[in-house]
Amino acid sequence: MKQEFAVIGLGRFGGSICRELSMEGMQVLAIDNDEEKVNEFKNIASHAVIADSTDETALKEIGIKNIDHVIVAIGENIQASILTAVILTDLDIKRITVKAQNDYHQKILNKIGIDEVVHPERDMGRRIAHHIISNNILDYLELSDEHSIVEVKAGRKMAGRTLIDLNIRANYGCNVVAIRRGDQMNVSPNAYDTLNENDVLIVIGADKDINRFEKHLVIDD
Ligand code: ATP
């Protein structure tokens with residue numbers, strides 16, 4: 001049977017999740033305590049209802065227990081977000097994803113047993129910061145508290161050299177897992193191939209190693 005989703009909080013983030021899931025043909029129940037927001041999603045989501053998610057009875061009445069995956073996208077009102085998360089945990093919802101507004105919010109959500117906590121503003125800030133440091137850093141994705149994956153363009157320091165010559169693993173402790181050249185993706189790059197100026201390297205490693213790699217090989221002097 002098709003998975004059913006619910007999005008609580010139809011601000012920019014929750015609204016965008018709701019739109020994308022609906023566009024992908026998913027069943028989505030859109031929930032907000034603001035009538036105007038709910039009206040906006042009447043023709044987008046499968047169902048759109050006005051409810052205060054801190055009210056357990058109201059959540060039960062709209063059938064939240066039948067939902068496979070609930071996304072809580074209330075940001076500003078941290079208390080409402082936490083209370084909603086507690087109620088959903090008590091109701092044994094199979095999968096719960098909650099948007100955190102800041103690190104404290106994230107810590108509390110982890111403490112009450114929410115496994116999937118997303119922090120879109122912080123993550124996007126980090127990605128943009130890395131791109132600002134160097135135009136050669138195309139993307140930056142956090143894998144854990146200490147590990148990341150980075151997508152970098154072979155700039156002046158790498159172009160014309162081979163992986164064996166750059167010796168990224170030995171010198172910086174990180175691994176080149178793939179190289180993209182035009183629309184070709186090479187997931188087991190040959191250590192003896194010469195890198196071209198616009199090749200894109202996908203590099204995985206510990207943050208401290210990635211930072212050294214970026215400083216020495218990616219950021220132009
Ligand atoms: P964004 O940046 O994604 O726009 P935000 O972080 O500013 O969002 P808010 O605007 O605080 O987040 O909340 C998003 C939505 O959640 C709002 O539309 C708000 O009406 C709704 N919301 C807030 N509290 C509740 C609640 N208790 N029950 C249901 N919806 C709520």
Side-chain angles (χ1 to χ4, degrees), residues 2-132 138-145 148:
K2 217 174 188 179
Q3 266 207 78
E4 286 199 37
F5 296 89
V7 178
I8 302 177
L10 304 170
R12 280 164 302 181
F13 181 69
S16 148
I17 292 193
C18 189
R19 275 198 189 87
E20 284 301 313
L21 288 172
S22 305
M23 260 164 45
E24 292 293 327
M26 303 293 163
Q27 289 283 326
V28 187
L29 170 61
I31 304 165
D32 203 292
N33 59 358
D34 178 343
E35 186 178 357
E36 243 177 71
K37 282 276 160 64
V38 173
N39 286 338
E40 226 182 278
F41 284 85
K42 280 238 152 80
N43 297 324
I44 298 167
S46 331
H47 301 280
V49 292
I50 306 166
D52 176 355
S53 61
T54 62
D55 178 348
E56 184 169 352
T57 314
L59 284 184
K60 279 186 184 158
E61 274 171 11
I62 58 176
I64 203 82
K65 283 182 121 187
N66 304 322
I67 303 288
D68 304 291
H69 189 168
V70 180
I71 297 104
V72 182
I74 302 171
E76 294 273 297
N77 188 345
I78 292 179
Q79 197 176 322
S81 160
I82 293 167
L83 194 49
T84 303
V86 171
I87 294 171
L88 295 172
T89 313
D90 281 350
L91 292 174
D92 284 331
I93 301 295
K94 270 189 236 148
R95 198 166 159 199
I96 308 165
T97 301
V98 186
K99 173 190 154 175
Q101 187 76 356
N102 55 45
D103 289 344
Y104 290 115
H105 189 187
Q106 169 150 22
K107 265 193 192 146
I108 295 167
L109 291 168
N110 290 138
K111 278 240 156 54
I112 59 174
I114 304 292
D115 294 324
E116 261 181 73
V117 179
V118 292
H119 211 324
E121 282 95 352
R122 181 199 60 189
D123 294 347
M124 191 47 88
R126 283 186 183 165
R127 290 164 96 158
I128 292 174
H130 280 264
H131 187 57
I132 288 169
L138 304 177
D139 208 351
Y140 185 93
L141 191 71
E142 196 177 78
L143 296 176
S144 74
D145 280 351
S148 300

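Just follow the structure's listing: the first ligand is 1, and inside any ligand the first atom is 1.
- Side-chain contact between His105 and Ser81 is present, with heavy atoms from C-beta onward closer than 4.5 Å.
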Thr54 vs Gln79, test: side chain to side chain contact (heavy atoms under 4.5 Å, CB included). Steps then yes/no. CA-CA 9 Å; Thr54 62; Gln79 197 176 322; over 6 Å; no
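- Among the atoms of Gly75, some N or O lies under 3.5 angstrom from an N or O of ligand 1.
- Test Val72, Leu59, Ile82, Ile93 against Ile87 for side-chain contact (heavy atoms from CB on, under 4.5 Å) and you get one pass: Leu59.
- Remark: ligand 1 and Thr54 share no N or O pair separated by less than 3.5 Å (distance only, no angle test).
- Each of the atoms 6 (O) of ligand 1 lies under 4.0 Å from some heavy atom of Gln101.
- Ligand-side atoms of ligand 1 in range of Ala51: 28 (N), 29 (C), range being under 4.0 angstrom from any heavy atom.
- Side-chain contact between Arg122 and Asp103 is present, with at least one heavy-atom pair separated by less than 4.5 Å.
- Listed by atom number, the atoms of ligand 1 under 4.0 Å from Ala73 heavy atoms are 14 (C).
- In terms of polar-atom proximity, Lys99 is counted as a contact of ligand 1, with an N or O under 3.5 Å from an N or O of the ligand.
- Remark: Glu4 does not engage Lys94 in a salt bridge, criterion side-chain N to carboxylate O under 4.0 Å.
- Paired with Ile17 under the rule side-chain contact (heavy atoms from CB on, under 4.5 Å), one option of Val7, Val118, Val28, Thr97 passes, and it is Val7.
- Among protein heavy atoms, the minimum distance from atom 16 (O) of ligand 1 is reached at Gly9 CA, 3.2 Å.
- Of all protein heavy atoms, the one lying nearest to atom 23 (C) of ligand 1 is Ile74 CG2, 3.6 Å.
- The protein atom (non-hydrogen) at minimum distance from atom 3 (O) of ligand 1 is Phe13 N, 2.7 Å.
- For the pair Asp32 (side chain) and Leu10 (backbone), a donor-acceptor distance under 3.5 Å is present.
- With a heavy-atom cut-off of 4.0 Å, Arg12 touches ligand 1 through backbone and side chain alike.
- When side chains are defined from C-beta on, Ile74 does not count as touching Lys99, because their heavy atoms never get closer than 4.5 Å.
- Checking only distances, Ile31 never comes within under 3.5 Å of ligand 1, N or O to N or O.
- Note on ring orientation: taking the six-membered ring where Trp is involved, the planes of Phe5 and His69 are tilted (angle from 30° to 60°).
- Between the side chains of Asn39 and Lys42, a donor-acceptor pair is found at a separation under 3.5 Å.
- Looking at Glu116 and Ile96, their side chains never come closer than 4.5 Å, going by heavy atoms from C-beta outward.
- Against a heavy-atom cut-off of under 4.0 Å, Lys37 is close to the following atoms of ligand 1: 18 (O).
- Nearest-residue assignment for atom 25 (C) of ligand 1 (options Val7, Asp32, Asn33; heavy-atom criterion): Asn33.
- Counting heavy atoms under 4.0 Å from ligand 1, residue Leu10 touches it through the backbone alone.
- For ligand 1, the atoms sitting less than 4.0 Å from at least one non-hydrogen atom of Asp52 are 26 (C), 27 (N), 28 (N), numbered in the order shown with element in parentheses.
- Numbered from 1 in the order shown, with element, the atoms of ligand 1 that lie under 4.0 Å from a heavy atom of Asp34 read 20 (O).
- Among Glu76, Glu40, Glu35, the residue whose heavy atom sits closest to atom 10 (O) of ligand 1 is Glu76.
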